[in-house]
2 protein chains.
Amino acid sequence: MARKSTAVDPLRLDNQICFAVYSATHAFNRVYKPLLDRLGLTYPQYLVMLVLWERDDVPVKEIGEKLFLDSGTLTPLLKRLEAAHLVRRTRSREDERQVLIALTPQGHALKEKARSVPQSILAASDCSVSELVAMKDEIVALRDRLNAVIGE
Amino acid sequence: MARKSTAVDPLRLDNQICFAVYSATHAFNRVYKPLLDRLGLTYPQYLVMLVLWERDDVPVKEIGEKLFLDSGTLTPLLKRLEAAHLVRRTRSREDERQVLIALTPQGHALKEKARSVPQSILAASDCSVSELVAMKDEIVALRDRLNAVIGE
DNA sequence: TCACATTTAATTGTTCGCAATTGAATGTGC
DNA sequence: GCACATTCAATTGCGAACAATTAAATGTGA
């Protein structure tokens, strides 16, 4: 039998969890797009705003740690948020290396407009909250194991 | 009680499955990077090669449907694969609008070097195959429900 | 104190990802 | 057969994402 069953072929696209995750990310993005367009945000910008709505006046570094992004991504993104008058960027006075990101009143106010987003996503997921929470926890656990490998 | 429990705050970053998926995608990418560097491929290029290793001489459209990507992404990517002598791009003679993508001998040969990749990912996942398969199936089902909403 | 390493953002260059548009080839309805 | 719509890839422009480098501020050890 030269031919392996496709069900267990490890190089088969449909068998790869990473492609499942990769394509699910894009699917989420496409669902979010029209919702976030109304807020004038892209999805990564929305993530930064979520961080800031939880805690304001945060160094770039800390945003990067929470979102797993580096300054190469965040610096231009934050400049766009600043250009949209949603955040202000100021050097920390205690440590001049740090740039602190603070919400403007408009940035704060946007939170109210964002409140309807999660329930729209929940509806699109067509799934119970408890199922989604369970999946989320599994995926986070997998992500953390992968990230642990990267740090050797 | 003005303050909601953070455990159920729908705008909280840690409660969002989409962020779990988004950050897991990046974690996978970082694990794949050193493995794919040895093949001279990026992750999206690797996905295209997976499609071609399953079936050769495929129109761009079909690759796009399998990977959920459009020509704006695929055209330059395929040109880079062509520049790397892994694929050839030819207009279909039956339908001159279509561009068919075929593996070169080098593109075919690369499959052997790629065989070790999935098991490295499995090891990094630190998880049983059956657990991964179950997660994959759940994520694919969620992705498909999300994609169904997009098409109205 | 002073040389040296570390930390932090910013910058540069390459590659995705997608919306919107273009242009050529094909299909269709009359 | 001919106007019309549709299909398909390519193109353009913008916003991530990240590696690698730079530069400034800070910390550390002798």
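Values reported hereafter were calculated over all heavy atoms of this structure, with side chains retained and with hydrogens, waters and symmetry mates removed. Chain identifiers are assigned alphabetically (A, B, ...) following the order of the sequence lines, protein sequences preceding nucleic acid strands; residue numbering begins at 1 within each chain.
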Q) Given that A:P76 and B:S92 both sit by DNA chain C, which one's nearest nucleotide is further toward the 5' end? A) A:P76

Q. Would you call the rings of B:W53 and B:Y46 parallel, tilted or perpendicular, where under 30° means parallel and over 60° means perpendicular?
A. perpendicular

(Q) Please report the distance, rounded to the nearest Å, between OH in B:Y22 and P in C:dG17. (A) 12 Å

Q | Any B:K79 side-chain N or O less than 4.0 Å from OP1/OP2 of D:dT11 | A | yes

Q. Which listed nucleotide (C:dA10, D:dA24, C:dA25) is nearest to the side chain of B:E96?
A. C:dA25

Q.
Tell me if the centroids of the rings in B:Y43 and B:F28 come within less than 6.0 Å of each other.
A. no

Q | Distance-only donor-acceptor test (3.5 Å): side chain B:S71, base D:dA10 | A | yes

Q.
What is the distance, to the nearest angstrom, from the CG atom on A:L69 to the C1' atom on D:dG15?
A. 13 Å

Q) Taking the side chain of B:T73 as its heavy atoms from C-beta onward, which of D:dA9, C:dC16, D:dA16 lies nearest to it? A) C:dC16

(Q) Taking the minimum atom-to-atom distance to the side chain of A:R97, which one of C:dT8, D:dA9, C:dA9 wins? (A) C:dT8

Q: Might you confirm whether atom CZ of B:R93 has over 12 heavy atoms from other residues, nucleotides or ligands at distances under 6.0 Å?
A: no

Q | Whole angstrom value for the distance that separates C1' of D:dA16 from OH of A:Y46 | A | 18 Å

Q. Could you state the CG-P distance from A:D95 to C:dA9, rounded to the nearest angstrom?
A. 8 Å

(Q) In whole Å, I'd like the distance from the CD atom of A:Q98 to the P atom of D:dT26. (A) 10 Å

Q: Pick base, sugar-phosphate or nothing for B:N29, based on heavy-atom distances below 4.0 Å to the nucleic acid.
A: nothing

Q. Counting any heavy atom closer than 4.0 Å, what does A:E62 reach on the DNA or RNA strands: base, sugar-phosphate only, or nothing?
A. nothing

Q | A:K33, nearest nucleotide to its side chain (from D:dT7, C:dA19, D:dA16) | A | C:dA19

Q.
Just the rounded figure in Å: distance from C1' of D:dA16 to CG of A:D70.
A. 11 Å

Q. 5'-most contact on DNA chain D: A:R93 or B:V60, nearest heavy atom basis?
A. B:V60

Q) Whole Å only: how far is the CG atom of B:L41 from the C1' atom of C:dC16? A) 14 Å

Q) Between atom CD in B:E65 and atom C1' in D:dT7, what is the gap in whole Å? A) 12 Å

Q: Look at the side chain of B:K136 and the backbone N and O of A:D14, then say whether any donor-acceptor pair between them is shorter than 3.5 Å.
A: yes

Q. According to a strict under-4.0 Å criterion, is B:R80 in side-chain N/O contact with OP1 or OP2 of C:dC16?
A. yes

Q.
Here's a test of your reading of the structure: between B:H26 and B:L74, which maps to the more 5' nucleotide of DNA chain D?
A. B:L74

Q: Assign A:P59 to base, sugar-phosphate, or nothing according to its heavy-atom contacts below 4.0 angstrom with the strands shown.
A: sugar-phosphate

Q: Evaluate salt bridge (Lys or Arg N to Asp or Glu O under 4.0 Å) for A:R12 paired with B:E54, printing each intermediate quantity in order.
A: CA-CA 7 Å; A:R12 212 179 136 76; B:E54 283 182 39; 3.2 Å; yes

Q. If you take atom types as modelled and just measure distance, does the side chain of A:T42 reach the base of D:dA16 with a donor-acceptor pair under 3.5 Å?
A. no

Q) Which word best sums up how the rings of A:F19 and B:F68 line up, parallel for under 30°, tilted for 30 to 60°, or perpendicular for over 60°? A) parallel

